[in-house]
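Working notes for the structure below.
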Amino acid sequence: MTIAPSIWCNNNAEELASFYTSAFSDTKIHATTHYPHEGLLDFQQHLAGKALTIDLEILGTHFIAINAGPEFSLNPALSFMVLFSVHTSSDPQAELETLWEHLTADGTALMPLADYPFSPLYGWCKDQFGVSWQIAPRNVDSLMDKPAAYSAMMGMKKIDIAALHEAAQER
């Protein structure tokens with residue numbers, strides 16, 4: 001058994017899949033199903049032959065984009081967390097900021113990418129398709145337990161995640 005979030009799309013599932021393929025470096029489209037040409041209900045006739053579902057994987061999470069219509073819309077009550085690791089990237093902050101710029105282009109920043117009491121770098125946004133994303137470095141809060149990392153952060157005008165990690169390793 002698995003859980004796969006489905007994203008209700010207003011006749012733009014292919015555009016959504018293309019957008020996420022360009023936004024996230026590790027995105028795969030596994031399959032696309034299409035509406036049949038016959039047997040559709042009257043209100044579905046305009047969808048004949050168009051994409052019905054797109055099975056995609058973003059950063060290891062399986063999603064299903066459903067091409068439907070304007071009957072339902074997404075809201076920020078459900079959002080997806082994107083957690084960056086300071087250990088697996090040469091410049092995690094730059095990656096985080098690049099993703100943020102991509103997701104907020106034609107979208108909305110609900111909480112701008114900034115320093116908050118719970119995270120030195122965090123952002124919450126709604127992309128152009130209405131999907132909400134929360135973006136933050138993974139385990140940065142644990143670095144704040146290290147006096148050298150905390151001291152390093154207090155001297156930064158712009159949070160440098162790699163420098164925080166390096167300071168946390170110093171004795």
Review point. Is the backbone of Ile66 close enough, under 3.5 Å, to the side chain of Thr53 for a donor and an acceptor to pair up by distance?
Key: no
Practice item. May I ask you to decide if Ala94's main-chain N or O and Glu97's side chain share a donor-acceptor pair within less than 3.5 Å? Key: no
Point to revise | Within-4.5 Å side-chain heavy-atom neighbours: Leu113 and Glu101 | key: no
Review point. CG/Asn12 to NZ/Lys50 distance, rounded to the nearest 0.5 angstrom?
Key: 11.0 Å
Review point. At their closest point, which heavy atom of Ala105 faces which heavy atom of Gln128, and how far apart are they?
Key: O-OE1, 4.2 Å
Check your understanding: So which heavy atom on His37 is nearest to which on Gly49, and how close?
Key -> CE1-CA, 3.5 Å
Point to revise | Phe80 and Gln134, any side-chain heavy atoms less than 4.5 Å apart | key: no
Point to revise | Near-ring test Phe63/Tyr20, centroid separation under 6.0 angstrom | key: no
**Study point:** Joint cluster assignment, Leu74 & Phe19, ILVMFWY side-chain distance < 4.5 Å
**Key:** yes
Practice item. Find the distance between CG (Asp115) and CG (Leu121) and round it off to the nearest 0.5 Å. Key: 8.0 Å
Check your understanding: Does a side-chain heavy-atom distance below 4.5 Å link Ser132 with Leu78?
Key -> no
Point to revise | Other ILVMFWY residues reachable from Leu52 by side-chain steps of under 4.5 Å | key: Tyr35, Leu40, Leu47
Point to revise | Reported CD1-to-OG distance for the pair Ile54 and Ser18, which is rounded to 0.5 angstrom | key: 9.5 Å
Exercise for review: Keeping to residues at least two apart or across chains, list the side-chain hydrogen bond (donor to acceptor under 3.5 Å, both in side chains) pairs with something in residues 67-77.
Suggested key: none
**Study point:** Close side-chain approach of Thr32 and Asp55, heavy atoms under 4.5 Å
**Key:** no
Point to revise | Side chain proximity check, Ile7 to Ile64, heavy atoms < 4.5 angstrom | key: no
Check your understanding: Applying the 4.5 Å side-chain criterion to the ILVMFWY set and letting contacts propagate, would Val131 and Ile58 be lumped into a single cluster?
Key -> yes
Review point. Looking at Trp124, Phe24, Trp100, which hits ring pair (Phe, Tyr, Trp, His ring centres under 6.0 Å) with Trp133?
Key: Phe24
Practice item. For residues 8-26, pull every pair meeting salt bridge (charged side-chain N to carboxylate O under 4.0 Å, His left out), keeping only residues two or more places apart or in separate chains. Key: Asp26-Lys28
Study note, to complete from the structure: Separation between CG (Asn10) and CG (Leu16), nearest 0.5 Å, reads 11.5 Å
Exercise for review: May I ask you to test the Asp127-Thr104 pair for a side-chain heavy-atom distance under 4.5 Å?
Suggested key: no
Exercise for review: Tell me yes or no: between the side chains of His102 and Ser22, is some donor less than 3.5 Å from an acceptor?
Suggested key: yes
Check your understanding: Is Ile135 close to Phe84 at the side-chain level, that is, under 4.5 Å between some pair of heavy atoms?
Key -> yes
Revision key, fill the gap. In this structure, OG1 of Thr27 is separated from CD of Glu57 (nearest 0.5 Å) by 8.5 Å
Practice item. Flag yes if Leu103 and Leu83 sit in one hydrophobic cluster, no otherwise; membership is Ile, Leu, Val, Met, Phe, Trp, Tyr, and two members link when side-chain heavy atoms are under 4.5 Å apart. Key: no
